Amino acid sequence: MKEHIIGLIESAIAELKNNGTLHADTDPRVSVENTKDKSHGDYASNVALALAKSAGKNPRELAQLICTALPASDKLEKTEIAGPGFINFFMNSDSCFEVLNTIFTQSDRFGHSNVGAGKKVQVEFVSANPTGPLHVGHGRGAAYGASVADLLEAAGYDVHREYYVNDAGRQMNILAASVWLRYLELHGAKFQFPSNGYKGGYVVEVAEALKASFGDKFIHPIDAVFDNIPADEPQGGDKELHIDALIARCRELLTSEGYKQVFDQGLNEIVGDIRDDLAGFGVQYQQWFSEASLAEDVNRAIEKLQSAGHIYESEGALWFRSTDFGDDKDRVVCRDNGETTYFASDIAYHLNKFERGFEQVVNIWGADHHGYIARVKAALTALGIDENKLTVKLVQFAILYRGQERVQMSTRSGSFVTLRELREEVGNDAARFFYVTRKSEQHMDFDLELAKSESKDNPVYYIQYAHARICSVMRKLAEAEYQWTEKDGLAAIDALTLEQERDLATKLALYPEVLQAAAINHEPHQIANYLRELASDFHTYYNSNKVLVDEDAVRNARTALCMATKQVLLNGLKLLGVAAPSEM
RNA sequence: GCGCUCGUAGCUCAGUCGGAUAGAGCAACGGCCUUCUAAGCCGUGGGUCGUAGGUUCGAAUCCUACCGAGCGCGCCA
């Protein structure tokens with residue numbers, strides 16, 4: 001419809017150019033927007049305002065000229081000039097309810113588009129270190145990323161969802177050592193657990209699984225384990241040196257084969273747990289990408305940068321001159337001990353992404369990683385890849401409240417609130433919805449009490465209830481032994497004469513546009529807000545008008561409007577990963 | 001100190017490409033169940049869009065400076 005109006009205006013402008021009213025070179029993009037106020041019609045355009053200056057006419061006069069030059073349209077009831085020179089377009093009733101036919105025809109694909117044109121896009125999200133269960137902070141990235149991916153798919157992109165598993169590096173070694181020490185405890189060893197080790201209860205569970213799989217295989221006398229290990233922090237030593245020495249001892253005593261078994265036990269148990277957790281949250285991936293599998297790519301990436309002249313050596317380390325590409329400082333890619341850095345892996349990973357043929361890459365990161373964007377983009381540019389193909393979306397942390405009271409989270413103590421606990425407490429639907437109801441870069445307060453409440457305060461229930469109400473009407477319709485088909489409904493569409501019916505249909509017609517904007521801007525909250533408005537319009541209508549009236553035409557038409565609403569609610573909720581219950 | 005993300009009603013937040021009188025929900029107050037689910041609906045009040053300049057027909061939106069909040073600034077991941 002909007003395109004239709006743009007077309008009308010464009011041909012009007014073309015005509016004004018022909019008769020010399022407008023300069024031939026004036027070629028502004030025609031802007032048509034949805035009106036906020038119904039008295040302004042259904043659509044409005046500001047072309048006259050935008051062109052007034054170059055045409056040397058006042059805006060209202062020019063608007064009048066454009067209006068007279070508009071070709072006739074059977075979709076419009078009238079046009080008006082208003083305010084400083086806006087042109088308002090009023091749709092006629094038929095074109096207003098055309099959308100019902102479209103919705104029935106396209107059903108679960110209503111709102112989908114092909115703006116993505118099958119472009120391959122990768123969405124990488126969550127990617128939390130597999131050193132422990134996901135906590136509530138990861139939940140927001142999970143809900144957001146999953147919805148963004150679904151939105152892009154609905155917009156015609158070929159979407160690949162990926163989780164980058166940080167299965168290399170020091171943190172994982174600390175986990176392996178922690179698992180092994182807990183395993184020794186299970187076999188009766190007594191000692192002070194390292195202050196920098198992973199202390200969460202899940203480590204003990206992994207140790208138990210290790211014991212179940214391998215029995216006594218990894219037992220060593222505790223004196224041998226702690227012999228000549230530098231003191232831990234509580235004993236006046238350095239906690240980093242202490243844990244590093246324990247890792248080295250672990251490798252030494254278990255040999256590389258045994259160490260790998262312990263390491264893999266931890267990795268697999270925890271990745272498995274994360275995978276189950278996310279699956280329970282309705283979040284699925286096409287691929288779980290292992291950092292460790294990049295080993296060769298890392299060297300290749302560094303060599304590539306080297307041959308392009310972007311690497312130099314200093315203080316025994318290899319540095320990437322990222323300052324040439326807008327970064328604050330140069331970055332080490334290979335340490336003086338010969339080990340490559342995490343950043344080097346990340347360069348390789350991003351190179352790998354583009355080598356796999358993704359035309360667009362979307363990374364969803366916690367806001368604390370924002371300092372990383374510049375260097376990754378610098379690396380891409382240095383590798384000859386257009387940095388604009390990478391979009392990084394930052395997700396701010398959610399602060400949990402229980403009513404007025406802030407819920408404290410502390411990772412160190414191991415007593416943090418896990419995503420799983422959150423899901424069990426408030427339910428998947430409320431959690432998914434609440435996480436995406438605010439724009440991602442906005443700080444968010446997450447009130448557990450509100451998310452749990454089954455009342456009108458809770459927007460999730462409000463929207464779901466609208467869907468359930470329509471399902472209920474359909475059950476009543478069947479009980480009353482009325483017959484209804486989409487065809488009957490569409491045939492009776494003239495019976496929709498109320499203003500509220502028109503408002504509701506107009507809102508339905510807006511959905512494809514909202515979906516497209518939400519997809520392009522990676523903003524699922526637009527869907528959440530839209531659904532709330534749609535539910536509100538529906539409740540208003542439903543409350544003041546009976547659907548199942550005796551008169552066949554009115555009943556059939558209203559039922560059609562309800563069914564169309566039901567479809568759009570369902571489509572929208574699905575994109576947010578929220579269920580659409582048929583009764584509540 | 002430098003950088004990133006922000007600052008909109010008492011609270012939580014929308015506000016799309018710069019458009020008309022800045023919107024929702026909650027909270028507050030007042031109404032509506034004999035009727036398809038009251039998990040709902042209707043109404044009222046509530047604003048210096050952090051501050052000060054600038055850009056223009058027009059600024060919550062764009063630019064600059066400042067104030068305030070959070071985060072980041074490692075040969076950790």
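All of these numbers come straight from a predicted model, not from anything done at the bench. Residue numbering restarts at 1 for every chain, and letters A, B, ... go by the order of the sequence lines.
- Looking only at atom types and distance, the side chain of A:Q171 has no donor-acceptor partner in the side chain of A:N166 under 3.5 Å away.
- One can place NE2 of A:H369 at 15 Å from P of B:rC71, the figure rounded to the nearest angstrom.
- Note on A:A168: only backbone sugar-phosphate atoms sit closer than 4.0 angstrom, heavy atoms only; bases stay farther off.
- Cation-pi geometry between A:R532 and A:Y462 is satisfied (NZ or CZ under 6.0 Å from the ring centre, within 45° of the ring normal).
- Once rounded to the nearest 0.5 Å, the distance linking CG of A:N363 with CD of A:E162 reads 10.0 Å.
- With a 3.5 Å ceiling on both atom-pair distances, B:rU16 lacks any Watson-Crick or G-U wobble partner.
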Would you give me the side-chain donor-acceptor pairs under 3.5 Å for residues 511-525 of chain A, sequence neighbours excluded?
unit_1	atom_1	unit_2	atom_2	d
A:E513	OE2	A:K2	NZ	2.6
A:E513	OE2	A:N34	ND2	2.7
A:N521	ND2	A:A517	O	2.9
A:E523	OE1	A:Q526	NE2	2.7

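- Summarising the geometry, atom CZ belonging to A:R60 is positioned 10.0 Å from atom CG belonging to A:L49; distances are rounded to the nearest 0.5 Å.
- OP1 or OP2 of B:rC41 has at least one side-chain nitrogen or oxygen of A:Y462 nearer than 4.0 Å.
- Within the structure, a side-chain polar atom (N or O) of A:R335 is placed less than 4.0 Å from OP1 or OP2 of B:rA77.
- Taking the C1' atom of each, B:rU48 and B:rG7 are spaced 15 Å apart, rounded to whole Å.
- In this structure, A:H40 forms an aromatic stack with the base of B:rA20, since both conditions hold: centre separation below 5.5 Å and plane angle below 30°.
- Contacts of A:D346 with the nucleic acid, taken as non-hydrogen atoms under 4.0 Å apart, are absent.
- The phosphate of B:rU5 has neither OP1 nor OP2 within less than 4.0 Å of any side-chain N or O from A:K439.
- Of the candidate nucleotides B:rA77, B:rC13, B:rC41, B:rC41 has the atom nearest to the side chain of A:N543.
- In this structure, B:rC33 shows a glycosidic angle within 90 degrees of zero, which is the syn conformation.
- Here B:rC17 is in the syn range [glycosidic angle within 90° of 0].
- Heavy atoms of A:R438 sit under 4.0 angstrom from at least one base atom.
- Taking only distance into account, the side chain of A:H539 never meets the base of B:rC41 through a donor-acceptor pair shorter than 3.5 Å.
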